[in-house]
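Protein chains get the first letters and strands the later ones, always in sequence-line order, with residue 1 at the start of each.
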There are 2 protein chains.
Amino acid sequence: MPTRSTPKASHPRGPIRSQVLAFVRERLAAGSPPTVREVQQAFGFKAVESARQHLEALVAEGRLAKEPGRSRGYRLPAAGGPAANIRLVPKLGRVQAGALREAIENPDRWDPEAWLPVETPGTGEELFALTVRGESMTGAGILPDDVVIVRRQDTARDGEIVVALVRDEATVKRLRLREGRLELWPENPAFAPLVFAPLVSAPDTEIRILGRVVEVRRRLA
Amino acid sequence: MPTRSTPKASHPRGPIRSQVLAFVRERLAAGSPPTVREVQQAFGFKAVESARQHLEALVAEGRLAKEPGRSRGYRLPAAGGPAANIRLVPKLGRVQAGALREAIENPDRWDPEAWLPVETPGTGEELFALTVRGESMTGAGILPDDVVIVRRQDTARDGEIVVALVRDEATVKRLRLREGRLELWPENPAFAPLVFAPLVSAPDTEIRILGRVVEVRRRLA
DNA sequence: TGACAATACAGACATATGTCTGTTTTAATC
DNA sequence: GATTAAAACAGACATATGTCTGTATTGTCA
């Protein structure tokens, strides 16, 4: 009669392996992948090798990737295509326009109120997040209190939704380039568009483009 | 005359520290935080301690957090309460209703088309994501091709937005409980509400609640 | 210039961690 | 029951990694 405390061996190739995968995924998203021994503990294995066998099997199946030798070297199979490029983006919050400019230009000394996990293809892009105020973009499905994730850039193309600094006020609008003019259109008939003379945005002008909205998020209580 | 190759010591409390922070953030988002020696190499320090001092200083300043003793133990300052509980949620895609049911009940054997990083407070919640079809919820700011993140649950409260299985068709609607009836209301005047007799959803009924929408996401190209 | 603090360096140590070898247990199959 | 493959176990080893102590360098300020 064995003294095994865990009945986990009863499944030939059962869900334990998938549970290990899920565990690694969780830890990966939470900050860093687990060590082999952490997997061991989490599943109550009495030997390190038990955990390692599952991990290596997952690697062999292509469901996990790893960097051999490194500690906490298990990764998501980046090649396969699933979510590999996750970055944490600082949420600058309901910040005033002036502070926004400061925060975007000196992101290092800014203390974000939160960090949002965002999946992004590029590595060089500079991203930040903002909470939307007002109802000027409801027509585009952007409601008050929605969070927009913004790719920092000084210019944008016609039709893109941008975050702009207008006379020291930050707003989210759709950009229109018409006959040499730069226009910011709300997506709500109750609001009027803003029209500006210069075609390009530049520092020390009344309008300046801070970035392009690449994602919209809304949490429902 | 010193033989220092790096002029990095010229700034009393300068941007090097912030560069280290940025480096840690990058590596953190890329998969796992760096080791002290990886920071050392990245900045060309000739001693491990140089890197460690920067890291510890960042921790002391509250700009970084750490789990002492652990390898790759540097984290983002989760102390404030923000993004600590990030999970990867399977996106089941534009799946047919029948397959949806199968996928939700047997998540292990389902191969999701993608994984989304989601910040969630609870650990026990079962989450999945779906791509929205149709324009029936545009009034609630949910547009076609938006991704909804759903907390799996069999019941819901009046006014909540739910994912329901109606005669083997999956839809997103707002739930209304009126005079003993269960109603699914679109948020678009061009669509009509669905009304059902039973107050609670149950298997093998013409209507069944699969979960509650907890987040909406939209990626802008 | 001299004192002082911050930073960088050098070397070592204790531990965490990945990895290996061999054995035992479990479950399935004939 | 015997055979077999998968899984779990036990113990050890080599290395990666965090940490410590002491010293040297650099820049600042009086």
Side-chain angles (χ1 to χ4, degrees), chain A residues 1-21 23-24 27-28 31-61 63-75, chain B residues 1-21 23-24 27-28 30-61 63-75 108:
Chain A
M1 182 61 74
T3 51
R4 300 263 322 296
S5 56
T6 54
K8 285 162 189 162
S10 43
H11 304 271
R13 164 176 297 246
I16 298 184
R17 187 144 307 169
S18 296
Q19 287 180 31
V20 173
L21 217 199
F23 179 74
V24 174
R27 299 293 300 266
L28 241 171
S32 67
T35 66
V36 180
R37 283 174 178 79
E38 283 174 354
V39 175
Q40 175 198 356
Q41 279 192 24
F43 286 82
F45 292 131
K46 293 176 182 171
V48 198
E49 258 309 290
S50 306
R52 210 174 83 92
Q53 276 177 27
H54 281 294
L55 289 168
E56 289 302 323
L58 285 167
V59 171
E61 292 173 21
R63 300 212 275 167
L64 260 188
K66 76 174 285 194
E67 306 178 31
R70 307 201 173 286
S71 74
R72 304 174 188 271
Y74 291 93
R75 301 285 132 81
Chain B
M1 183 61 76
T3 52
R4 303 262 322 295
S5 56
T6 55
K8 286 163 188 162
S10 42
H11 303 275
R13 159 179 300 242
I16 299 183
R17 187 143 305 169
S18 295
Q19 285 180 32
V20 172
L21 216 198
F23 178 73
V24 174
R27 300 293 300 267
L28 239 173
S32 66
T35 65
V36 180
R37 281 173 180 79
E38 282 173 354
V39 175
Q40 175 198 355
Q41 279 191 24
F43 286 83
F45 292 132
K46 293 176 182 172
V48 198
E49 260 307 294
S50 307
R52 209 174 85 91
Q53 278 177 26
H54 281 293
L55 290 168
E56 290 301 323
L58 285 168
V59 171
E61 293 173 21
R63 301 211 276 167
L64 261 188
K66 78 174 285 197
E67 307 179 31
R70 307 202 170 286
S71 75
R72 302 173 189 273
Y74 291 92
R75 300 287 131 79
D108 277 333

- Query: Who are the side chain to side chain contact (heavy atoms under 4.5 Å, CB included) partners of B:Val48, not counting sequence neighbours?
  - Reply: B:Val36, B:Arg37, B:Gln40
- Note on the structure: Sorted by chain and residue number, the side chain to side chain contact (heavy atoms under 4.5 Å, CB included) partners of B:Glu67 (sequence neighbours excluded) come out as B:Arg70, B:Arg75
- Find the distance B:Gln53:CD to C:dA10:P and express it as a whole number of Å. 13 Å
- Query: Does a side-chain N or O from A:His54 land closer than 4.0 Å to OP1 or OP2 of D:dA8, or not?
  - Reply: yes
- Message: Just to verify, what does B:Glu56 make a side chain to side chain donor-acceptor pair (under 3.5 Å) with, not counting sequence neighbours?
- Response: B:Lys66, B:Tyr74
- Message: Once you measure the plane-to-plane angle for A:His54 and A:Phe45, does it fall in the parallel (<30°), tilted (30-60°) or perpendicular (>60°) bin?
- Response: parallel
- To the nearest Å, how far apart are B:Lys46 NZ and D:dT25 P? 12 Å
- Message: Whole angstroms only, please: what is the CZ-P distance between B:Phe45 and C:dT7?
- Response: 10 Å
- Message: List the residues meeting side chain to side chain contact (heavy atoms under 4.5 Å, CB included) with B:Glu49, not counting sequence neighbours, and say none if there are none.
- Response: B:Arg52, B:Gln53
- Nucleotide D:dA7, atom P - distance to CZ of A:Phe43 in whole Å: 14 Å
- Task: Round to the nearest Å and state the distance from A:Leu55 atom CG to C:dC20 atom P.
- Result: 14 Å
- Item | For atom CD of B:Glu61 and atom C1' of C:dT7, their distance in whole Å | 14 Å
- Item | All side chain to side chain contact (heavy atoms under 4.5 Å, CB included) counterparts of A:Leu28, not counting sequence neighbours | A:Val24, A:Pro33, A:Leu76
- Query: What string of B, S and - do you get for nucleotides 11-19 of chain C, 5' to 3', if B is base contact, S is sugar-phosphate-only contact and - is no contact with any protein heavy atom under 4.0 Å?
  - Reply: -B---SBBB
